[in-house]
Structure formats: C-alpha cells, structure tokens
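Following: one structure in structure tokens, then a few remarks.
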There are 2 protein chains.
Amino acid sequence: MTYDMIFTALADPRRRNILQQIATQPMSVAQLADQHNVSRPAISQHLKILTDAGLLSVTPKGTKRIYQINRDGLEPVRAYIDGFWDDALTAFQDHIINQTKD
Amino acid sequence: MTYDMIFTALADPRRRNILQQIATQPMSVAQLADQHNVSRPAISQHLKILTDAGLLSVTPKGTKRIYQINRDGLEPVRAYIDGFWDDALTAFQDHIINQTKD
DNA sequence: ACTTACCGTAAGCCATGACTTACGATATGA
DNA sequence: TCATATCGTAAGTCATGGCTTACGGTAAGT
C-alpha cells in the first residue's frame with residue numbers, strides 16, 4: 001500500500017478500466033475476462049496488483065471470488081496531491097518573499 | 001495530457017521525487033542530475049515525460065533550462081479520483097436499493 | 001571566430017511488465 | 001467419490017521502460 005504500488009497500479013490503462021468497472025459493480029474474475037479481450041489469468045494478475053495496492057478487496061462466494069472496490073484505497077492519492085499542492089504553494093510564497101527582498 | 005500520460009509519469013519513483021523537488025524550487029537539468037545519482041540525459045528524459053504529462057513547464061535562462069511546476073497539472077488526477085468516488089458511491093447506493101428490494 | 005557551458009536526442013543494453021499456456025488447488029453438485 | 005466450475009500461480013515470450021554513452025545544437029564569454 002505504498003505510493004509506488006498505488007501509482008504503478010493506476011499506470012496501466014486496463015487496470016484503470018477494471019477498477020472503474022468494479023466500482024460500478026462488484027464482479028468475478030471470469031466476468032471481467034469476458035468483457036476484456038484477454039485471458040483469465042491476465043485478469044487475475046491485474047486484480048492481484050490492484051488488491052495489493054489496497055484498491056480492491058475480495059470475498060469468496062462458492063468457487064467464485066467477487067472483487068469489490070475498497071473505497072478508501074484512493075485516499076492516499078488525494079493526500080499525495082494535497083501535500084504536493086501545499087509544497088508548491090509554500091515554495092511559491094517563498095519565491096514571492098525572495099522577490100520582494102531584492 | 002491524458003490520464004495515461006499523467007499516471008505513467010507518476011508511476012516512477014524517481015519522477016515523483018523530481019516533481020517534489022521542483023515543486024519546492026525550480027531547478028535546471030544539471031542541478032537535478034547532481035542530486036540524483038544518474039546521468040544528465042536520464043534526467044532530461046524524465047523531465048520530458050513529466051512535461052508532456054503537463055506537470056512541468058520550462059523557461060530557458062541563457063543556456064540553462066529552468067523547470068518549474070505546473071500548478072494545475074495534478075488537477076486531472078483529483079478529478080479522476082472524485083469521479084471515481086462518485087461512481088463507487090452511486091453504485092453503493094444502487095446496491096443498497098437492490099438489497100432492500102429483496 | 002572560437003571555446004565553454006548546458007542541454008536534447010539517438011542508439012543500444014538490460015531489467016521490468018503484460019500476456020499466453022499449462023498446471024494445481026478448492027468448492028459445489030450428483 | 002467423481003466430475004465440474006472457478007480460480008491462483010509458475011514458466012516462458014515479447015514489448016516497454018529506464019539507463020548509459022555518443023553526438024549535435026544553441027547561448028554566452030573572450
């Protein structure tokens with residue numbers, strides 16, 4: 001659940017697609033494999049990356065495994081951006097200060 | 001400036017590091033290359049990716065090229081997360097509705 | 001004009017990543 | 001118990017990505 005894992009997970013278009021799909025409705029692996037034009041193991045691997053990043057969670061249902069969104073998973077990203085914004089802002093203020101100093 | 005370019009740019013730890021560094025203070029290429037333990041061309045390539053993603057902007061200063069933060073560059077990411085949150089939320093509401101239906 | 005400083009790009013190398021097929025494991029139903 | 005459904009993982013393949021060295025190009029100073 002590091003920044004690295006989250007951003008790496010979000011870097012792949014197919015994973016973002018899967019994520020959005022699961023966000024609107026929890027799905028099984030085979031269900032996802034049907035909609036995307038790749039093999040089932042490929043989907044499984046993507047789901048592992050998304051899950052390890054904290055963006056998904058699983059609940060077994062018989063032989064199926066239903067993947068659903070972890071609604072707090074994207075919060076670190078927001079925090080990252082916010083902290084970033086603060087950095088840029090204070091740096092900008094410092095810049096202004098230095099300018100007025102001259 | 002697509003989602004793909006932005007998330008790909010943010011996926012690399014070194015690029016996130018560079019981004020944060022430039023956020024606190026605009027810098028030249030050689031300056032960055034000194035602090036990171038890689039060659040100058042490597043930094044140049046990272047800067048190109050970050051710039052193409054809309055996260056940085058350049059202003060030539062003599063022979064130097066000063067890279068600075070584009071403060072609006074991360075806004076699409078926030079928008080992406082927000083839209084996502086909405087999707088998950090409405091889906092969750094639908095789920096509740098379906099549950100009460102049973 | 002010449003040298004120096006600073007930089008972007010091309011070409012090549014090597015690790016990483018996304019995909020496939022093959023296999024093994026678990027839960028369900030007859 | 002046996003067959004079926006569903007899935008995760010291992011191994012191998014091919015494209016992508018980050019790095020290096022080599023080269024060329026522009027701005028400033030003498």
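Order of the sequence lines sets the chain letters (A, B, ...), proteins ahead of strands, with each chain counted from 1. The basis for the numbers below is simple: all heavy atoms, side chains too, and nothing from hydrogens, waters or symmetry mates.
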State which residues pass side-chain contact (heavy atoms from CB on, under 4.5 Å) with M1(B); sequence neighbours excluded, sorted by chain then number. none
Between R15(A) (side chain only) and T8(A) (backbone N and O only), is there a donor and an acceptor less than 3.5 Å apart? yes
OP1 or OP2 of dT6(D) under 4.0 Å from side-chain N/O of S28(A): no
With sequence neighbours excluded, residues passing salt bridge (Lys or Arg N to Asp or Glu O under 4.0 Å) with D4(B): R16(A)
ring-ring contact (aromatic ring centres under 6.0 Å, His included) contacts in which one or both residues fall within residues 5-57 of chain B, not counting sequence neighbours: F7(B)-Y80(B)
Residue-phosphate contact under 4.0 Å: R14(B) side-chain N/O, dG18(D) OP1/OP2: no
Grab the CD1-P distance between I18(A) and dA18(C) for me, whole Å please. 11 Å
Check each residue of residues 57-64 of chain A for a non-hydrogen atom within less than 4.0 Å of any atom in DNA chain C, then write out the ones that pass by number, or none. G62(A), T63(A)
What's the shortest heavy-atom distance between T51(A) and L47(A), and which atoms? OG1-O, 2.6 Å
R65(A) side-chain N/O to dT26(C) phosphate OP1/OP2 under 4.0 Å: no
L56(B) CG to dG8(C) P, in whole Å, measures 12 Å
Atom CE of M27(B) and atom C1' of dC6(C) are separated, to the nearest Å, by 14 Å
Determine whether a donor-acceptor pair (N or O, by modelled atom type, separation under 3.5 Å) exists between the side chain of Q31(A) and the backbone of S28(A). yes
Whole angstroms only, please: what is the CG-C1' distance between L32(B) and dC19(D)? 17 Å
Between Y67(A) and dT6(D), is there a contact of a side-chain N or O with OP1 or OP2 at under 4.0 Å? no
At a heavy-atom distance below 4.0 Å, what parts of residues 35-50 of chain B sit against DNA chain C? R40(B), P41(B), S44(B), Q45(B), K48(B)
In whole angstroms, the gap separating P of dG17(D) from CG of D12(B) amounts to 11 Å
Determine which pairs satisfy ring-ring contact (aromatic ring centres under 6.0 Å, His included) with at least one residue from residues 52-75 of chain A, sequence neighbours left out, and list them in order. none
Nearest heavy-atom contact between V77(A) and L10(A) is CG2-CD1, 4.3 Å
Return yes if some donor-acceptor pair links the side-chain N/O of N70(A) with the main-chain N/O of G54(A) below 3.5 Å, else return no. yes
